[in-house]
Amino acid sequence: MTVRIATWNINSVTARLPKLLEWLESAKPDVLCLQELKCASDAFPYEAVKELGYDTAAYGSGRWNGVAILSRIGLEDVVRDLPEQPGFLAEGALIPDTEPRAIAATCGPVRVWSVYVPNGREVDHAHFHYKLEWLEALRKAVLEDAAGERPFAVLGDFNVAPTDEDVYDPAVFAGQTHVTPVERAALAALREAGLQDVMPRALKYDRPYTFWDYRALGFPKNLGIRIDLTYANKPFADAVTDSYVDREARKGKGTSDHAPVVVDLDL
DNA sequence: ATGGCACGCCAGGCGTGA
């Protein structure tokens, strides 16, 4: 069977609902991993996507974060949060906030995680250390599935550009988050655990960027970075027939600042 | 060095994003 899986940081599922429905109808993914819902679980537009044939497992808590998995090929064994997932202890707060950043499900023959890795804010900020702890918890969470026979992948907004080739100008990012050696080492640890980076093909431009800042004409100038990734085990990666970034979904008004990434499988 | 744009929240700016 062929399976189309996609990931999209949608930057508010309620603000983006018309775009989401339009995209589901045109791209027709079998499974869609969403990040940055920016709504509570019970505020997700379940009925609207159900009309297009999708079951949804959503995990959100309000104005920040939030992840979901939509599937029209089955949705079972849903897990919310990574085992050992750290929370973020904000300045002045008494207890860490366990944020909704990870959800897993089995969709037909494939098991997937949809993840929204913490941003990090600034190098050495408390949020940066939280980010690294979070990525280590992700590594531990995937060990068994990464080594398994069942096709498995982690898809989402990793908030790390794997190499200098994945940012439009490395000089601009020098000393900033998303490109530091420790963040890239965390991705390397995932690869050492048995996952591989499914590289999308380039479309109009040289590199398959997935994010362009809203400001300063980032998209028209193609000032992009590739941070929305598919990290797949061998059975999943061996089944990949194509992968691409849907730049069309980033064009015009009322779009997310991230584009969807599509992966096609023949299983 | 800063701002720039968009979002939720909820009615004036603020926190966050990358």
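Residue numbers start from 1 in every chain, and the chains themselves are labelled A, B, ... in the order their sequence lines are given, proteins ahead of strands.
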Chemist: Is there a side-chain polar atom (N or O) of A:Asn65 under 4.0 Å from OP1 or OP2 of B:dG17?
Modeler: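 Answer is no, no contact under 4.0 Å.
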Chemist: Hey, is CD on A:Glu144 packed in by over 12 heavy atoms from elsewhere, all under 6.0 Å?
Modeler: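 No, because the 6.0 Å sphere around CD of A:Glu144 holds 12 heavy atoms or fewer from other groups.
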Chemist: I'd like to know whether the aromatic ring centres of A:His127 and A:Tyr130 sit less than 6.0 Å apart in this structure.
Modeler: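 Yes.
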Chemist: Hey, is the main chain of A:Thr177 close enough, under 3.5 Å, to the side chain of A:Thr180 for a donor-acceptor pair?
Modeler: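 Answer holds: no.
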Chemist: Rounded to whole Å, how long is the line connecting atom CH2 of A:Trp64 with atom P of B:dC9?
Modeler: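 Rounded to the whole Å, the gap is 9 Å.
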Chemist: Salt bridge or not between A:Lys50 and A:Glu47? Use side-chain N to carboxylate O under 4.0 Å.
Modeler: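 The answer is no: the pair does not qualify as a salt bridge.
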Chemist: Using the C1' atom as the point on both nucleotides, what is the distance between B:dA18 and B:dC7, in whole Å?
Modeler: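 Each nucleotide's C1' atom is 14 Å from the other's.
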Chemist: What residues in residues 157-174 of chain A put a non-hydrogen atom under 4.0 Å from any atom of DNA chain B?
Modeler: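 Output list: A:Asp157, A:Asn159.
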Chemist: How is A:Leu217 classified with respect to the nucleic acid when contacts are heavy atoms under 4.0 Å: base, sugar-phosphate, or nothing?
Modeler: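 It contacts nothing in the nucleic acid.
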Chemist: Any salt bridge linking A:Asp145 with A:Arg150? Criterion: basic side-chain nitrogen under 4.0 Å from a carboxylate oxygen.
Modeler: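 Salt bridge flag = yes for A:Arg150 with A:Asp145.
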Chemist: On a whole-Å scale, what distance lies between the P atoms belonging to B:dC5 and B:dC10?
Modeler: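 These two P atoms come out 25 Å apart once rounded.
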Chemist: In terms of the nearest nucleotide of DNA chain B, which residue is placed more toward the 5' end: A:Asp213 or A:Gly254?
Modeler: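 Taking each residue's closest nucleotide, the earlier one in sequence belongs to A:Gly254.
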Chemist: For the P atoms, the ones on B:dG12 and on B:dG17, what distance do you get once it is rounded to whole angstrom?
Modeler: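 Here B:dG12 and B:dG17 have their P atoms 26 Å from each other.
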Chemist: What integer distance in Å separates A:Leu223:CG from B:dC5:P?
Modeler: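 Answer to the nearest Å: 14 Å.
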Chemist: Ignoring backbone atoms, establish whether A:His258 has a side-chain N or O less than 4.0 Å from OP1 or OP2 of B:dA18.
Modeler: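 Affirmative; the distance criterion is met.
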Chemist: Between B:dA1 and B:dG13, how far apart are the P atoms? Round to whole Å, please.
Modeler: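 Their P atoms lie roughly 28 Å apart.
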Chemist: Assess the residue pair A:Thr210 and A:Arg226 against the criterion (side-chain hydrogen bond (donor to acceptor under 3.5 Å, both in side chains)); give the C-alpha distance rounded to whole Å, side-chain angles, the decisive distance to 0.1 Å, and a yes or no.
Modeler: CA-CA 5 Å; A:Thr210 66; A:Arg226 186 175 74 95; over 6 Å; no
Chemist: Mind checking if A:Thr14 touches a base, just sugar-phosphate, or nothing, with heavy atoms under 4.0 Å?
Modeler: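 Sugar-phosphate: the residue A:Thr14, judged by heavy atoms under 4.0 Å, touches backbone atoms but no base.
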Chemist: Please state the P separation for the pair B:dG3 and B:dC14 - nearest whole angstrom.
Modeler: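 The answer is 12 Å between these two P atoms.
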Chemist: May I have the distance from A:Asn11 (atom CG) to B:dA18 (atom P), rounded to whole angstrom?
Modeler: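 From A:Asn11 CG to B:dA18 P: 8 Å.
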Chemist: Side chain of A:Thr7, backbone of A:Val261: donor and acceptor closer than 3.5 Å?
Modeler: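 Checked: no pair found.
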Chemist: Select one nucleotide: of B:dG15, B:dC7, B:dG17, the one nearest the side-chain heavy atoms of A:Arg215.
Modeler: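 For A:Arg215, the side-chain atoms sit closest to B:dG17.
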Chemist: Using heavy-atom distances to pick each residue's nearest nucleotide on DNA chain B, tell me which of A:Asp257 and A:Lys38 is more 5'.
Modeler: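 So the residue in question is A:Lys38.
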Chemist: Provide, to the nearest angstrom, the distance between the NZ atom belonging to A:Lys131 and the C1' atom belonging to B:dG17.
Modeler: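 Answer to the nearest Å: 11 Å.
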Chemist: Around atom NZ of A:Lys234, are there more than 12 heavy atoms from other residues, nucleotides or ligands closer than 6.0 Å?
Modeler: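 No, not enclosed.
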Chemist: Using the P atom in both, what is the distance from B:dA6 to B:dT2, to the nearest Å?
Modeler: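 Each nucleotide's P atom is 23 Å from the other's.
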Chemist: Heavy atoms within less than 4.0 Å of DNA chain B: which residues of residues 115-130 of chain A have one? Give them sorted by number.
Modeler: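 Close to the strand are A:Tyr116, A:Asn119, A:Arg121, A:His127.
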Chemist: Does the side chain of A:Arg16 get closer than 4.0 angstrom to OP1 or OP2 of B:dC7 through an N or O atom?
Modeler: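 Yes, within the criterion.
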Chemist: Please test A:Arg72 against A:Asp30 for salt bridge (charged side-chain N to carboxylate O under 4.0 Å, His left out), starting from the C-alpha separation and ending with a verdict.
Modeler: CA-CA 5 Å; A:Arg72 58 178 191 177; A:Asp30 297 300; 3.0 Å; yes
Chemist: Indicate, with a heavy-atom threshold strictly under 4.0 Å, whether A:Glu36 touches base, sugar-phosphate, or nothing.
Modeler: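 If one applies the 4.0 Å heavy-atom cut-off, A:Glu36 turns out to touch the sugar-phosphate alone, with no base involved.
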Chemist: Given the rule that a pair is Watson-Crick or G-U wobble with both distances under 3.5 Å, how would you write DNA chain B in dot-bracket, using | for pairs to a different strand?
Modeler: ....(((((...))))).
Chemist: Whole angstroms only, please: what is the CD-P distance between A:Gln35 and B:dG17?
Modeler: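 One finds 15 Å between P of B:dG17 and CD of A:Gln35, rounded.
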Chemist: Check this for me: does any side-chain nitrogen of one of A:Asp164 and A:Arg184 sit under 4.0 Å from a carboxylate oxygen of the other?
Modeler: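 Looking at A:Asp164 and A:Arg184, the cut-off is met.
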Chemist: For the pair made of CD in A:Glu99 and C1' in B:dG17, what is the distance, rounded to whole Å?
Modeler: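 Atom-to-atom, A:Glu99 to B:dG17, this comes out as 13 Å.
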Chemist: Atom CD of A:Gln176 to atom P of B:dG17: distance rounded to whole Å?
Modeler: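 These atoms are roughly 14 Å apart.
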Chemist: Under 4.0 angstrom, heavy atoms only, what part of the nucleic acid is A:Thr177 near: base, sugar-phosphate, or nothing?
Modeler: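 It contacts nothing in the nucleic acid.
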Chemist: Determine, using ring centers only, whether A:Tyr116 and A:Phe158 are less than 6.0 Å apart.
Modeler: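 Here the rings of A:Tyr116 and A:Phe158 have centres that are no less than 6.0 Å from each other.
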Chemist: If I take atom OH in residue A:Tyr214 and atom P in nucleotide B:dA18, what distance separates them, rounded to the nearest angstrom?
Modeler: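 Result: 10 Å.
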Chemist: Is the backbone of A:Asn159 close enough, under 3.5 Å, to the side chain of A:Lys131 for a donor and an acceptor to pair up by distance?
Modeler: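 Such a contact is found between A:Lys131 side chain and A:Asn159 backbone.
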Chemist: Is a side-chain N or O of A:Asp42 found less than 3.5 angstrom from the main chain of A:Phe44, in a donor-acceptor match?
Modeler: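 Between the backbone of A:Phe44 and the side chain of A:Asp42 there is no qualifying donor-acceptor contact (under 3.5 Å).
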